[in-house]
Amino acid sequence: MSSHIVAPRHRYVTSEPDPERRAADRLRELDKLLLTSNALCRQPGTDPDDWFPIVENWTKYDEAYETAVKRCDGCPFTGLAGECVERARLLPYDPIGVIGGTDPKLRRQLGIGADLQGYGGVAA
């Protein structure tokens with residue numbers, strides 16, 4: 001198990017887990033939780049494409065994403081403090097789709113997504 005050894009001023013040594021490993025472990029925990037039929041997007045008979053609206057005309061963007069965001073209403077994992085958004089914070093910024101009731105515009109405004117500064121694509 002990799003770790004960082006930190007020696008503070010008090011002359012004792014502590015071991016702190018590697019932040020990347022902690023994030024990877026938490027991501028696995030969240031996947032086990034979210035990739036079940038408890039999540040509304042994982043219910044039998046749902047179409048995952050419903051959370052990824054395709055908008056050919058940008059004037060219809062808000063309407064399309066508003067409909068997709070409403071699909072998350074009532075899900076136990078949605079919301080800014082929910083597990084879906086927590087998972088999104090650990091992954092690279094995703095410029096498409098609805099995650100935990102957030103659209104790409106909101107995720108970008110709130111800085112949700114690792115390495116958002118390195119994202120060079122088209123912002124939603």
Side-chain angles (χ1 to χ4, degrees):
M1 179 168 137
S2 69
S3 65
H4 295 290
I5 303 298
V6 179
R9 291 186 260 176
H10 304 292
R11 298 185 185 184
Y12 59 88
V13 177
T14 61
S15 176
E16 294 181 13
D18 177 20
E20 288 182 20
R21 179 161 182 137
R22 256 196 336 246
D25 289 345
R26 182 60 182 151
L27 199 54
R28 279 191 290 279
E29 290 172 10
L30 289 167
D31 283 346
K32 286 180 187 177
L33 177 69
L34 298 172
L35 299 179
T36 66
S37 61
N38 293 333
L40 290 182
C41 58
R42 300 289 178 184
Q43 295 288 317
T46 58
D47 184 358
D49 289 341
D50 290 343
W51 279 265
F52 295 89
I54 296 172
V55 183
E56 294 177 15
N57 182 344
W58 285 102
T59 60
K60 298 189 183 226
Y61 174 92
D62 289 334
E63 179 184 333
Y65 269 94
E66 189 176 305
T67 301
V69 165
K70 285 181 182 177
R71 294 182 195 286
C72 292
D73 287 351
C75 183
F77 307 119
T78 198
L80 292 177
E83 289 85 351
C84 280
V85 172
E86 180 184 353
R87 184 177 185 277
R89 290 181 194 281
L90 297 172
L91 295 171
Y93 171 72
D94 191 349
I96 59 169
V98 171
I99 300 173
T102 64
D103 69 5
K105 283 183 180 179
L106 181 59
R107 290 195 301 276
R108 186 166 178 97
Q109 288 171 353
L110 297 176
I112 296 172
D115 193 28
L116 183 61
Q117 286 73 26
Y119 177 71
V122 176

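Linking ILVMFWY side-chain heavy atoms closer than 4.5 Å, directly or via other members, places L91 and L30 in a single hydrophobic cluster. Both V98 and Y61 belong to a single network of hydrophobic side chains, linked directly or stepwise wherever heavy atoms of I, L, V, M, F, W or Y lie under 4.5 Å apart. Cluster annotation: V55 and I96 are assigned to the same hydrophobic cluster (Ile/Leu/Val/Met/Phe/Trp/Tyr, side-chain heavy-atom contacts under 4.5 Å, transitive).
Listed by chain and number, the residues in a side chain to side chain donor-acceptor pair (under 3.5 Å) with R89 amount to none (sequence neighbours excluded). Residues passing the salt bridge (charged side-chain N to carboxylate O under 4.0 Å, His left out) test with D62, sequence neighbours excluded: K105. Contacts of D25 classified as side chain to side chain donor-acceptor pair (under 3.5 Å), with partners at least two apart in sequence or in another chain: R28. Residues forming a side chain to side chain donor-acceptor pair (under 3.5 Å) with E29 (at least two apart in sequence, or on another chain): R26. With sequence neighbours excluded, the residues that form a salt bridge (charged side-chain N to carboxylate O under 4.0 Å, His left out) with K70 are E66. In terms of the side chain to side chain donor-acceptor pair (under 3.5 Å) criterion, S37 has no residue partners (sequence neighbours excluded).
No donor-acceptor pair closer than 3.5 Å links the side chain of D49 to the backbone N or O of F52. In terms of modelled atom types and a separation under 3.5 Å, the side chain of R107 and the main chain of G113 share no donor-acceptor contact.
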Would you check, one step at a time, whether the test side-chain contact (heavy atoms from CB on, under 4.5 Å) holds for D31 with R87?
-> CA-CA 8 Å; D31 283 346; R87 184 177 185 277; 2.5 Å; yes
Kindly indicate, with the supporting measurements, whether the criterion side-chain contact (heavy atoms from CB on, under 4.5 Å) is fulfilled by R42 and T36.
-> CA-CA 6 Å; R42 300 289 178 184; T36 66; over 6 Å; no
Apply side-chain contact (heavy atoms from CB on, under 4.5 Å) to I112 and V85, showing your working.
-> CA-CA 8 Å; I112 296 172; V85 172; 3.7 Å; yes
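Of the candidates T46, I99, V69, T46 is the only one forming a side chain to side chain contact (heavy atoms under 4.5 Å, CB included) with W51.
The CD atom of E86 sits 9.5 Å away from the CG atom of L27 when rounded to the nearest 0.5 Å.
Here the side chains of Y93 and P104 are in contact, with some heavy-atom distance below 4.5 Å.
In this structure, E56 places its CD atom where only 12 or fewer heavy-atom neighbours from other residues, nucleotides or ligands lie under 6.0 Å away.
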For residues 71-80, which side-chain donor-acceptor pairs fall under 3.5 Å, sequence neighbours excluded?
residue	atom	partner	partner atom	Å
R71	NE	D50	O	3.3
T78	OG1	G100	O	2.8
T78	OG1	G101	N	3.3

